[in-house]
Amino acid sequence: MSTASCKKLSFKAAFWQLMAAEEAGAVARAPACLCLLCGLPAAGKSTLARMVVNSAALQGWRASVVPYDDLIPEHAFQAREVEDGVRLQEMHTEWKVHRQAVLRCIDQFLEKQVLAELPSGCQINGAAWEQCIRAVRQPEALDRSQTDWAPLLFLLDDNFYYPSMRYEVYQLARKHSLGFCQVYLHCDLESCISRNQSRPEPIPREVILEMVKRLESPNPQKNSWEKNSILLNTTDSLSKCDIQRVMELISSALSKPLSPVVDNTEQTEADRLKCANSVIHQADQACRRLISEAMKTARENQVPPDHMRSLATQLNESKATFLPNLRRQLLQNTSFTQEEDIDVERVVKRAVDVFDREREEILLRVMNENK
């Protein structure tokens, strides 16, 4: 493949950019890009990654795939199988530590540009990470003297089903003034399930079905930071045109690195507090409605007055504990900022679902005591 746009950042172009930067007194560094490949399991992310790496080599780029499935230890994925269905929220919590470890390793490499020891306490597969870095430190298609000047591309291969997962990568790209882009692979559900079953170690079908409900594809209209994204329909085989689109996207991202994060702590904290207050206010109203519904249910089931008073006390105490805890969690969540374009309604719903489960337990317990 040899489109004009993909040639913009060939080795020679990158070399002259570095020379110009040195003449201007800036720190010379080859252009680099973090490209997310996201979508359902078996949507074709790994296949696309291999094809892009091959095309990148023809352009004189250093390119490496960062396969989360290989980097994250096997035991972290055992939570996928549960007796009574799948709870992706718990899975998300379990995986978050490992995904952040992957990003720490990329961060460290971008800082030092060498294969250093893994960060202290790192929870990823060291051998797999070394393979990732070896691909960009010693690319077969380049002479060793050219390596440091060649554009650098990391293809992050994971499901990335929540925007918050993708936003962490965006923040890393901003920190290092890198290019950033996303490729969402949209594949028919049945095709994903069929492909998955042909794998040596297939993911449980229930996990894929639940992920379909939770997956939030890139939405530039809602999240401005996702504007550099494209969608590929991968129900059928990838075409040359698909690869060309991806290469053009990456080439554009390489030529337009993100601006570094500006220290605006006071405004960030003000935005965080504003969002938290909005969530707490709406959650408080929702909890009040749920408590009223529980009291109505108890009356309809002829719960005695003393049990009614106990029910009201327990529910209000539960709310009094729940709301401050929610507020504290929101304020401690580093990704909970205005810049991430928080969907307050979604955050409220998820939070209130937790209270609703506790409310149901209290109601059932009191009603059973009345029997």
Side-chain angles (χ1 to χ4, degrees), residues 1-11 13-14 30-71 102 106 128-129 131-142 147 150-161 166 169 173 178-188 191-196 198-200 202-203 215 217-218 228-255:
M1 180 178 56
S2 58
T3 62
S5 58
C6 288
K7 285 185 176 179
K8 287 181 189 174
L9 280 152
S10 63
F11 161 72
C33 176
L34 300 182
C35 177
L36 294 187
L37 307 181
C38 53
L40 291 176
K45 298 183 294 296
S46 298
T47 299
L48 174 62
R50 288 193 296 271
M51 298 173 76
V52 170
V53 166
N54 291 335
S55 295
L58 296 177
Q59 302 301 322
W61 301 351
R62 295 174 291 159
S64 179
V65 181
V66 181
Y68 277 51
D69 282 354
D70 294 343
L71 292 166
V102 173
I106 297 175
W129 173 244
Q131 185 175 346
C132 292
I133 296 308
R134 196 172 296 116
V136 295
R137 288 303 300 158
Q138 299 176 358
E140 296 179 2
L142 293 177
T147 298
L152 173 64
L153 170 64
F154 277 115
L155 294 162
L156 281 66
D157 177 356
D158 188 40
N159 305 127
F160 290 109
Y161 49 86
R166 305 191 293 269
V169 183
L178 310 180
F180 173 81
C181 58
Q182 301 181 134
V183 181
Y184 172 59
L185 286 74
H186 175 73
C187 183
D188 176 78
S191 296
C192 286
I193 292 174
S194 176
R195 293 175 187 173
N196 175 65
S198 65
R199 290 177 165 179
I203 297 170
L215 191 148
S217 61
N228 206 19
S229 305
I230 62 172
L231 180 151
L232 295 183
N233 190 324
T234 56
T235 299
D236 298 320
S237 300
L238 288 163
S239 66
K240 290 184 178 180
C241 181
D242 291 329
I243 306 305
Q244 179 175 321
R245 288 184 63 203
V246 175
M247 293 299 290
E248 289 174 348
L249 175 74
I250 296 171
S251 182
S252 175
L254 281 166
S255 65

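Since this is a predicted model, take the numbers as computed values, not measurements.
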Worksheet entry | Minimum heavy-atom distance Leu215-Gly39, with the two atoms named | CD1-C, 4.0 Å

Fill in: Ala150 versus Ala30, closest heavy-atom pair with distance
O-CB, 3.3 Å

Worksheet item: Could you give the distance from OH (Tyr184) to CG (Asn233), rounded to the nearest 0.5 Å?
Response: 10.0 Å

Practice prompt. Specify the closest pair of heavy atoms between Cys38 and Arg166, including all atoms of both residues, with the distance to one decimal.
Written response: SG-CD, 4.2 Å

Fill in: Heavy-atom side-chain contact between Ile243 and Asn54 under 4.5 Å
no

Discussion item. Taking Ile203's backbone N and O only, do any of them form a donor-acceptor pair with Asn196's side chain (distance below 3.5 Å, no angle check)?
Written reply: yes

Worksheet item: Can you name the nearest heavy-atom pair linking Gly60 to Pro151, along with the distance?
Response: O-CD, 3.9 Å

Practice prompt. Quick one: list whatever passes side chain to side chain contact (heavy atoms under 4.5 Å, CB included) with Ser229, sequence neighbours left out.
Written response: Gln182, Pro218, Glu226

Item to complete: Could you walk me through whether Leu178 and Phe154 pass side-chain contact (heavy atoms from CB on, under 4.5 Å), step by step?
Response: CA-CA 11 Å; Leu178 310 180; Phe154 277 115; over 6 Å; no

Worksheet item: Sequence neighbours excluded, which residues qualify as side chain to side chain contact (heavy atoms under 4.5 Å, CB included) partners of Ser194?
Response: none

Practice prompt. Return the set of residues passing side chain to side chain contact (heavy atoms under 4.5 Å, CB included) with Ser239 (not counting sequence neighbours), or none when no residue passes.
Written response: Cys241, Asp242

Discussion item. Going by side chain to side chain donor-acceptor pair (under 3.5 Å), name the residues that satisfy it together with Thr47, two or more places apart in sequence or in a different chain.
Written reply: Arg50

Item to complete: Could you tell me which residues satisfy side chain to side chain contact (heavy atoms under 4.5 Å, CB included) with Val65, sequence neighbours excluded, listed by chain and number?
Response: Ala49, Val53, Pro67, Leu155, Asp157

Response to the item:
Closest non-hydrogen atoms of Asn228 and Ala253, given as atom of the first, atom of the second and distance, are ND2-CB, 3.5 Å

Practice prompt. Would you please test Cys181 and Ser252 for side-chain contact (heavy atoms from CB on, under 4.5 Å) and show each step?
Written response: CA-CA 9 Å; Cys181 58; Ser252 175; over 6 Å; no

Discussion item. Holding to side chain to side chain donor-acceptor pair (under 3.5 Å), I want the full list of residues that pass it with Asp188, two or more places apart in sequence or in another chain.
Written reply: none

Worksheet item: Heavy-atom distance under 4.5 Å between the side chains of Cys187 and Leu40, does that happen here?
Response: no

Worksheet item: What's the spacing between Ser55 OG and Met51 CE if we round to 0.5 Å?
Response: 7.0 Å

Worksheet entry | Exam field: side chain Thr234 to backbone Ala43, donor-acceptor pair closer than 3.5 Å | yes

Fill in: Separation between CG of Asp158 and CG of Asp69, rounded to the nearest 0.5 Å
6.5 Å

Discussion item. Just verifying a value: how many Å separate Leu156 CG and Ile106 CD1, rounded to the nearest 0.5 Å?
Written reply: 4.5 Å

Item to complete: Nearest 0.5 Å please: distance from the OG atom of Ser255 over to the CD1 atom of Ile250.
Response: 12.0 Å

Worksheet item: Any donor and acceptor pair, going by atom type alone, linking the side chain of Ser64 with main-chain N or O of Ile133 inside 3.5 Å?
Response: no

Fill in: Value rounded to 0.5 Å, distance of OG in Ser46 from CG in Leu185
10.0 Å

Worksheet item: Taking all non-hydrogen atoms of both residues, which atom of Arg245 and which atom of Leu232 are closest, and how far apart?
Response: NH1-CD2, 3.4 Å

Discussion item. Once you measure the plane-to-plane angle for Phe160 and Tyr68, does it fall in the parallel (<30°), tilted (30-60°) or perpendicular (>60°) bin?
Written reply: perpendicular

